[in-house]
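Structure record follows, encoded as C-alpha cells.
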Amino acid sequence: MATERYNPRVSEPRWQKAWEEARLFETSNDDGRPSYYVLEMFPYPSGRIHFGHIRNYTMGDVVARYKRAKGFNVLHPMGWDAFGMPAENAAMQNKVHPKQWTYENIAVMRDQLKRMGLSLDWSREFATCDVDYYHRQQMLFLDFYEKGLVTRKTSKVNWDPVDQTVLANEQVIDGRGWRSGALVEQRELAQWFFKITDYAEDLLTALDALDGWPDKVRLMQRNWIGRSEGLLIRWALVEDTAPEGERELEVYTTRPDTIFGASFMAVAPDHPLARKAAERDPDLAAFAAECRRVGTSAAVLETVEKKGYDTGIRVRHPFDPEWTLPVYVANFVLMEYGTGAIFGCPSGDQRDLDFARKYGLPVIPVVMPEGADPAAFRIEDEAYSDDGVMINSRFLDGMFNTQAFEEVADRLEKAELHGRPVAQRKVNFRLRDWGISRQRYWGCPIPVIHCEACGVVPVPREDLPVTLPDDVEFDTPGNPLDRHPTWRHVKCPKCGADALRETDTMDTFVDSSWYFVRFTEPHADTPTVREAAKKWLPVDQYIGGVEHAILHLLYSRFFARAMRDTGHLDLAEPFKGLFTQGMVVHETYRARDGRWLTPAEVRIEGSDNGRRAFEIATGEEVVIGPIEKMSKSKRNTVSPEEIVDSFGADTVRWFMLSDSPPERDLEWSDEGVAGAHRFVQRIWRLVNDAAPALKGVAPRPAREGAPAVISKAAHKALKVVSEDIEQLAFNRAIARIHALVNDLQAPCAALAGADAATLAAARDAVEILISLIAPFMPHLAEECREKIGAEGFVAASRWPDYDAELVVDDQITVPVQINGKRRGDLTIAREADQAQVEKAVLELDFVQKALNGGAPRKVIVVPQRIVNVVV
RNA sequence: GCGGACGUGGCGGAACCGGUAGACGCAAGGGACUUAAAAUCCCUCGGAGAAAUCCGUGCGGGUUCGACUCCCGCCGUCCGCACCA
C-alpha cells in the first residue's frame, strides 16, 4: 500500500489558520490556572528573519507548547525592537522614511514568523516605535527624573565629525566611525544619564540568587560591575611645588598595605591638578594633548607605551612628612575610574614597575611570599602582586598584607589633614552611569524642555506624548530634529518664555529594558498595570543570544528596580530563568579574486577530506573557509524562506533543535535538513499505515505479554522526553523520539489482524508519539491526530502521563566486571538484594573461570548498576 | 595580562551523582526492490587482530575495586573583560 507523502505546503497553512480561528494562543490575564511566561528576545525589524531568529523562537515555542500541554496558562508574546540607526541609514540611502521602512519590514517579518507555526499571542504585539509605547516610556522617564534616577552631566563621547553624531564604543572601529570612516574625536558633551550606579551593590549581590541563569552570564555581569574595596587617601602637596590654590591630591587604592612601597604619584591627563599644572607648563600641555589624541580604544592601548611627565609637584607621604614623592601625569591613568589619580608601588604592580624602571624611580619590595627570606627577596623584572608578608614597611613588617591593609586604613582614618581624615574606606565600582542620549531622529524623544530662565523643565505629563515629527529630512548629516523648522521651539511650561525642546532621543536599549513588562498589559494607559505585572513576572524562561549577556540584561535589571522604586512594579529581578542559545553557523566560500560567495552560488564535490567547492557560474574552484556565524558580510547565509518553502516549517524547526545542544553553535547543513525532512515523512508513514487499524480503538497501555514491549517503549520515551524538555535539552529529546520511532516501526507495520490488547497498546503508543512531537512539529502532529480520528487540537490537549509501572523493568541486566574490566553481564530480578546478586555473579561461567577455583578478594555490587569482582 | 568554558569515531553529539564509552543523527560502504532513478527496507561503520583478546575520551601523573567524569601539571581551541590602581 503506497501512502501519499506528507505535504507541508498544504497542511501547514491549514493548521495555522485553524489555530488562529480558534484563538488558541491568545492568553487571558483572568485565568485561574498557574501562569507561565516564556519569552524570546524580540527582533529588530531588519527586513527579514534569519536562522538565528528561527532557532531562538523555535526553542521558546517548544517550551510554550509543552507548558501549555502541562496545564499552564502560558504567555508567549512577540513584538518589535523597532527604533534605531538602520532605519535612518535606509532613509539616507534609499530616500524612504524610517517609519515607513520600519513598519513595512515588520509586516514582512510578521508573515515570515507566522509561517513558522509559532504559538504566539499576536493580540499583544507592539513595536517600540509605536507612539502608544514610547508615550509610556516618556512617562517612566519623568517618574525616574522625579525620583532622582536621571541626571544630566557632561561626559566624554565618541564624536563623528562627518555624521555629526555620537557613536557608541562598538561603532568605533580602529578609531574611525563605522559609517563615515572619519577619525573619531573625543568630545565633552552634556548627556542624559540613568543612575544605574545607584544600584551597583544590589545588582551585584542579587546575582547570587539568580540560579536560573547560566553561571557564565552571572560572572560576566559580576566582572562588568567590578566591585573593589579600597581606600581613598589624601596626600598633602609640598607647598612651594604646588600650583596656586592646590593643597592635596586624593588617590584611590585597593592596596593601602603597599603604601611604604610607593615611589611616585600619577594622575590622568585630564585630572584637575594636571590641567592646572599644564597652565604654567606648555610642554605638559602638549603631553596631555597627545595623550587625549591617542584616545582610549582597546586595540590602541595594547600597543601604546606607558609614558609619564614629571610635573615637578611633590607630595608628602602620609606616614612620614619628610618623605616626598614626585607627581607625574601618565597616559595610562584613567580619569573615569577612582579619583583619576594613583600612587605607584613598583614592587607590587607590573605597570608601576615598568614605569619606575623607565624613569629611574626607586623599587622597594614591601610584600614577599610567605616563608621567603626578607634579606634575599628582590624584585627584578616582575612585580609581586600576590598576598604575602610585609617587609620594609616600618610598623607593618611581619604582618600578612591583608592585616596591613586594615592597619593602614585604621591609622589613616584617625589621622587628619586640613581638618579632615587623611583616608576613608571606599567601595568602588567599574560600572558607570548609563548614558542614554543619542543625537538621532529615530528614537524615543527625551521629554524635557530647556528654558534659559528656568533651566531644564520636564514636559508636563498632560502634554505627553512628545511625538516625533514626520516631516524630516536626511539629506544632511546630523540630527534632523535639530534642523526641524518648528518642532523644537516651544514655550517653557513654567514661565511661558520661548524655550527649546531636548532633541536627543533615548538609546534603544531603553526601549528593550521594559518591553517584557508591557506585554503583560500591552494596551494600558499607564506604563504597567501592577496586578497584571505581578501575575506574570518574573519571566519564567527568557531565551536569547549571549551577546546580550551584559548590556540588555543589566539594563533590564536596573529598570525593574527603578520601576519598582517609582511604583510601577513589585519586583527587582525581571528574568527568573535565562537561557543563552548558540549561533547558527555555516562554512564560508571565497573566490580567488577575494569575493565571498553564498552557499547557493557554490557546488560541493566529494566528501570528508576530499571536499572541494566550485563556483557554479564560472566553474572555478573556490576556497572553503572557516565555519562562522551567518552574516551578510561573509555571505554565508541560507535564506529561511526558501528552505521553509521546500521542506515546510516543521522540518526546519526539527532540524534547528537536532544534534547540537541548544547553547552551542548549530552548523547549517543541507544534509541535516534533508534528514529532518526524511523523519517528518517517516512519522507520517508510520501513523498513516497504522491509522486504519487504530481508528476507533480506545488507547490502553499493556503491562504484560507482547504488546507490553510497545507500551514500555512509549512510556519510557514519554518520561525522558518530558524531562529533557524541562531541562531545555532539545537535542536529547529529539534523539529519544528517534529511538521511539525505531522501536514502534515494526510493531506498527504489523497491526492488521492484531488482537485487541495489541491494538489498544499501539493506539496508546501512537498517541504518545504524537504528543511528543507536537512541541517540535506542531503541524504534523495535528495532521497525524486527525488521521487516527481523534477529536480536537493536539495544541489544546493535555500532555499524557506516563505509567510508572511501565518505566521500570522486572528483569534488569547489569554489566559484570572483573578487576574493573567488563567481562559480561547478568540478568536478574530487579529487586534482588546484594547477596542474591553476588551469589548469581559468582556462578557465572566467566567469573568461575577468572576465579580459577579461588575466592574473590572483593565483590562490589552497586544495586541495579554494576558488579565488580576483584580477584 | 585577568577571568571563564571546552577538548569523546570521518562529522554533530550521547553517557544523570565516579559504574557497559560512542545512544541518536549525518556522512560513507555493501545489499534488496526497480528497465532506471528517486523513495524505501536490510547490513557494516573507533583502531589492531583470523579469533580469543588488546588498545582507545588532547598529553603526563595521581586518587579509586572502577575515571570522559575527581585532583595536580602541561598543550590546544573558543568566549568575556582589558592600562580598573
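Residue numbers begin at 1 in each chain, while the letters A, B, ... track the order of the sequences.
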Among the nucleotides B:C54, B:C81, B:A85, whichever has the atom closest to the side chain of A:Trp224 is B:C81
Base orientation of B:G56, syn vs anti, 90° cut from 0 | anti
Here the distance between atom P of B:A21 and atom CZ of A:Arg865, to the nearest Å, is 13 Å
When you get a sec, tell me which of B:G25, B:A85, B:C79 is the closest nucleotide to the side chain of A:Lys216?
-> B:C79
What interatomic distance, in whole Å, is found between C1' of B:C33 and the corresponding atom of B:C42?
-> 11 Å
Applying salt bridge (Lys or Arg N to Asp or Glu O under 4.0 Å), run through A:Asp665 and A:Lys629 and close with a yes or a no.
-> CA-CA 9 Å; A:Asp665 290 350; A:Lys629 178 182 183 175; over 6 Å; no
Any strand: nucleotide that pairs with B:U69 via Watson-Crick or wobble, under 3.5 Å = none
Between B:C26 and B:G73, how far apart are the C1' atoms? Round to whole Å, please.
-> 38 Å
Would you call A:Arg357-A:Asp354 a salt bridge at under 4.0 Å N-O?
-> no
Classify the glycosidic conformation of B:C17 as syn or anti, calling it syn when the angle lies within 90° of 0.
-> syn
Considering only side-chain heavy atoms of A:Tyr337, which listed nucleotide, B:A85, B:G80, B:C41, is closest?
-> B:A85
Are any of A:Asn742's side-chain N or O atoms less than 4.0 Å away from OP1 or OP2 of B:G25?
-> yes
Of all the choices, B:A85, B:G13, B:C41, which nucleotide is nearest to the side chain of A:Asn731 once you look at every atom?
-> B:G13
Of the candidate nucleotides B:C41, B:G12, B:A14, which contains the atom at the shortest distance from the side chain of A:Pro661?
-> B:A14
Does A:Asp809 pair with A:Lys716 as a salt bridge, N-O distance under 4.0 Å?
-> yes
Here the distance between atom C1' of B:A85 and atom CD1 of A:Ile233, to the nearest Å, is 11 Å
Could you give the distance separating B:G25 and B:C75 at their C1' atoms, to the nearest angstrom?
-> 32 Å
Whole-Å gap separating C1' (B:G12) and CD (A:Glu671) | 12 Å
Protein-nucleotide distance (A:Ile627, atom CD1; B:C26, atom C1'), rounded to Å | 14 Å
Please state the C1' separation for the pair B:C70 and B:G18 - nearest whole angstrom.
-> 8 Å
Atom CZ of A:Phe655 and atom P of B:G12 are separated, to the nearest Å, by 13 Å
Counting Watson-Crick and G-U wobble pairs only, both distances under 3.5 Å, name the nucleotide matched with B:C6, or none.
-> B:G76
Contact class for A:Gly675 (heavy atom, under 4.0 Å): base, sugar-phosphate, or nothing?
-> sugar-phosphate
Residue met sooner reading RNA chain B from 5', once A:Arg678 and A:Lys858 are mapped to nucleotides | A:Arg678
Select one nucleotide: of B:A85, B:G25, B:C81, the one nearest the side-chain heavy atoms of A:Arg430.
-> B:C81
Using 30° and 60° as the class limits, which term best fits the ring planes of A:Tyr252 and A:Tyr337: parallel, tilted or perpendicular?
-> perpendicular
Please work out whether the ring planes of A:Tyr6 and A:Trp684 are parallel, tilted or perpendicular, with thresholds of 30° and 60°.
-> tilted
Taking atom C1' of B:G80 as reference, at what distance in whole Å does atom CG of A:Asp215 sit?
-> 15 Å
Atom CG of A:Leu551 and atom P of B:G80 are separated, to the nearest Å, by 12 Å
At under 4.0 Å between heavy atoms, what does A:Glu382 touch on the DNA or RNA strands: base, sugar-phosphate, or nothing?
-> nothing
Let me know which of A:Phe647, A:Phe730, A:Trp668 forms a ring pair (Phe, Tyr, Trp, His ring centres under 6.0 Å) with A:Phe655.
-> A:Trp668
If you measure from the P atom in B:G60 to the same atom in B:A67, how many Å do you get, rounded?
-> 15 Å
Within this structure, what is the NZ-to-P distance between A:Lys426 and B:C84, rounded to whole angstrom?
-> 18 Å
For B:G1, give its Watson-Crick or G-U wobble partner with both distances under 3.5 Å, or none.
-> B:C81
B:G49 versus B:A5 - spacing of their P atoms, nearest Å = 41 Å
Can you tell me, in whole Å, how much space there is between the P of B:C84 and that of B:U8?
-> 35 Å
In terms of the nearest nucleotide of RNA chain B, which residue is placed more toward the 5' end: A:Ile734 or A:Arg682?
-> A:Ile734
Given the P atoms of B:G22 and B:G46, what is the spacing between them in whole Å?
-> 10 Å
side-chain N/O A:Lys821 vs B:C55 OP1/OP2, d < 4.0 Å | yes
Under 4.0 Å between a side-chain N/O of A:Asn428 and OP1 or OP2 of B:A85, yes or no?
-> no
Between B:G12, B:A85, B:U40, which nucleotide has the shortest distance from any of its atoms to the side chain of A:Ile342?
-> B:A85
Geometric class of the A:Tyr359/A:Tyr328 ring pair [parallel <30°, tilted 30-60°, perpendicular >60°] | tilted
